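This report concerns only the one structure given below.
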Amino acid sequence: MPSYTVTVATGSQWFAGTDDYIYLSLVGSAGCSEKHLLDKPFYNDFERGAVDSYDVTVDEELGEIQLVKIEKRKYWLHDDWYLKYITLKMPCGDYIEFPCYRWISGEGEIVLRDGRAKLACDDQIHILKQHRRKELDTRQKQYRWMEWNPGFPLSIDAKCHKDLPRDIQFDSEKGVDFVLNYSRAMENLFINRFMHMFQSSWSDFADFEKIFVKISNTISERVMNHWQEDLMFGYQFLNGCNPVLIQRCTKLPEKLPVTTEMVECSLERQLTLEQEVEQGNIFIVDFELLDGIDANKTDPCTLQFLAAPICLLYKNLANKIVPIAIQLNQIPGDENPIFLPSDAKYDWLLAKIWVRSSDFHIHQTITHLLRTHLVSEVFGIALYRQLPAVHPIFKLLVAHVRFTIAINTKAREQLICEYGLFDKANATGGGGHVQMVQRAMQDLTYTSLCFPEAIKARGMDSTEDIPHYFYRDDGLLVWEAIKTFTAEVVGIYYKSDQVVVEDQELQDFVKDVYVYGMRGKKTSGFPKSIKTREKLSEYLTVVIFTASAQHAAVNFGQYDWCSWIPNAPPTMRAPPPTAKGVVTIEQIVDTLPDRGRSCWHLGAVWALSQFQENELFLGMYPEEHFIEKPVKEAMARFRKNLDTIVSVIAERNKNKKLPYYYLSPDRIPNSVAI
């Protein structure tokens, strides 16, 4: 009678173990075994983190093992079980691995295939084809699209975290409770005594230090000490937490009637402003998207205001970027003056503060929320709906959508919903943030997610002309490393472009992203289908880069750059100035956020800048969905390339007063999960 040794690995996360009865059946080419209870006498089976082995003897030859079926039946009270994998030792001594990495809930069952990645065309046996189809049918019922707000990318159909499929929930919901985390952050920062002091202004700039946590030699302290300087202001457009807006100015816009005479004292090359533009020394950041957005009206006791500035910047002879003109709204006129460095000190400072506040709003809602969180969720939902677990692209991407749908669901539940935490401190709360996303969807294109093309489109690609743009330099290194890796994986499973074209599951995945995520907009440039291996590699690079590197670049620097409130005010309590020569220090302090909003803001940027417990960084694949040697070798080469990039960035950052490390691969989580 044939005998098999079954090794079962239980997950190590909280509550992964079970006391329920676990049954196993083997399905082979020559027959199916009886159900076998996996149980050892006087032993606590399937404990958290355990690897248990069982001998299973069957009555007759089963032939080649095709499927393993696991059933869970109640012992006392239902408890979920996280099964990592099953290894089967055959009677001949060979081993077969069956990856799972899923939860089994209630009186549940799960049917596993061996770990070899297979395209649909590789499956010729009816039972395997049927298993593939059944898995997708089940998933498509679990992972349904929903419109959270008109014009948004579609999201998961779940009102709250507990409504999600168990496999994509957080291990512990408490760890991602925004209300709890923000309150805890305010306690850790010793600022909870100020958190209810709404409408109470600070006395002066130094007064903000009461809630500022000084950590020696960090970027945040340097920002506090130098935030008023033009060099620090300009530097942030290159390497702050929103380094995606600045672009080379090729023609001065008519709506910004700035002249050479106005900015003459800022120009260092004895050229006219037009000549500086021609030589590529002028840059622009236009916050047009904020024009007409409704300011937060959720607190009747505090009026809040927005602006839509245009900021002109100049590359000086030291190759540093500095501001030379700021207009605080889009339509020029007598009551919308162009502020200049030669103006009175506080006129110029307040104009810069308005730009920094506007930059904060675009960063939070568009750069961060829309272009990393919501886009990655689209990729994640489409992945689960259209690619079975045995598909190589599912195996490749599943680590890069880990907890993304869960964190977004939690955000819709607590953070960006009506009367959510976002409304407490942000001038774009109360619905303005929704309007912003709806507008920004017009500019969300596939090309803008391709990092090298996005840099080039803004005219920021020349390392010689713009030498201190570390976001660009490091981002290109990481992009190329990911693209090399994805090209290797694609080459292993797709032997020709024709195989790509004929992979219907892949095409359905790409189509789902286009139709539901991008709402079928042709102008988005998102492909409806993919026809070549090269284009597939690029597409996979977009998915991985957006979820990992791009999110890291715009998320984990929030405390560094936004914790000093005057450098990134989340709201302004007075309208933009309409004349020069009238601004005072008192007026600026009264315009900046009150004590309560400052504290909520500080708690938010602290909480958002922390890594998850047991964070998985780029190149780490502890869940072994792939078992084939060629892919494991490709992963090893990927990790080696990433390690080289870590060394390059560390060397570059040596002795820098403002090191740039957000795109160092050892600081890039695999997925959007915070």
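Keep in mind that this is a model prediction, so the values were computed, not measured.
- Scanning for side-chain hydrogen bond (donor to acceptor under 3.5 Å, both in side chains) contacts around His468 gives an empty result, with sequence neighbours left out.
- Taking the six-membered ring where the residue is Trp, Phe287 and Phe237 present tilted rings, their angle falling between 30° and 60°.
- Here the CD1-CG distance, from Ile645 to Leu477, works out to 5.0 Å after rounding to the nearest 0.5 Å.
- Ring-plane geometry between Phe526 and Phe379 is classed as tilted, the angle between the planes lying from 30 to 60 degrees on a 0 to 90 degree scale.
- Note that CG of Leu164 is 10.0 Å distant from NZ of Lys410, once rounded to the nearest 0.5 Å.
- Phe360 is listed as a side-chain neighbour of His601, based on a closest heavy-atom distance under 4.5 Å.
- Within a 6.0 Å radius of CZ in Phe15, other residues, nucleotides and ligands contribute 12 heavy atoms or fewer.
- Partners of Ser155 by side-chain hydrogen bond (donor to acceptor under 3.5 Å, both in side chains), not counting sequence neighbours: none found.
- Residue pairs meeting the ring-ring contact (aromatic ring centres under 6.0 Å, His included) criterion with at least one partner in residues 395-416, sequence neighbours excluded, are Phe170-Phe403, His400-Tyr621.
- For Tyr101, there are no side-chain hydrogen bond (donor to acceptor under 3.5 Å, both in side chains) partners two or more places apart in sequence or in a different chain.
- Residues satisfying the side-chain hydrogen bond (donor to acceptor under 3.5 Å, both in side chains) test with Thr445, not counting sequence neighbours, are Ser448.
- Within the structure, side chain to side chain donor-acceptor pair (under 3.5 Å) contacts touching residues 634-643 (residues at least two apart or in different chains) are Glu488-Arg637.
- No more than 12 heavy atoms of other residues, nucleotides or ligands lie within 6.0 Å of NZ in Lys456, so this atom counts as exposed by the packing criterion.
- For the residue pair Ser671/Thr404, the side-chain donor-acceptor check at 3.5 Å is not satisfied.
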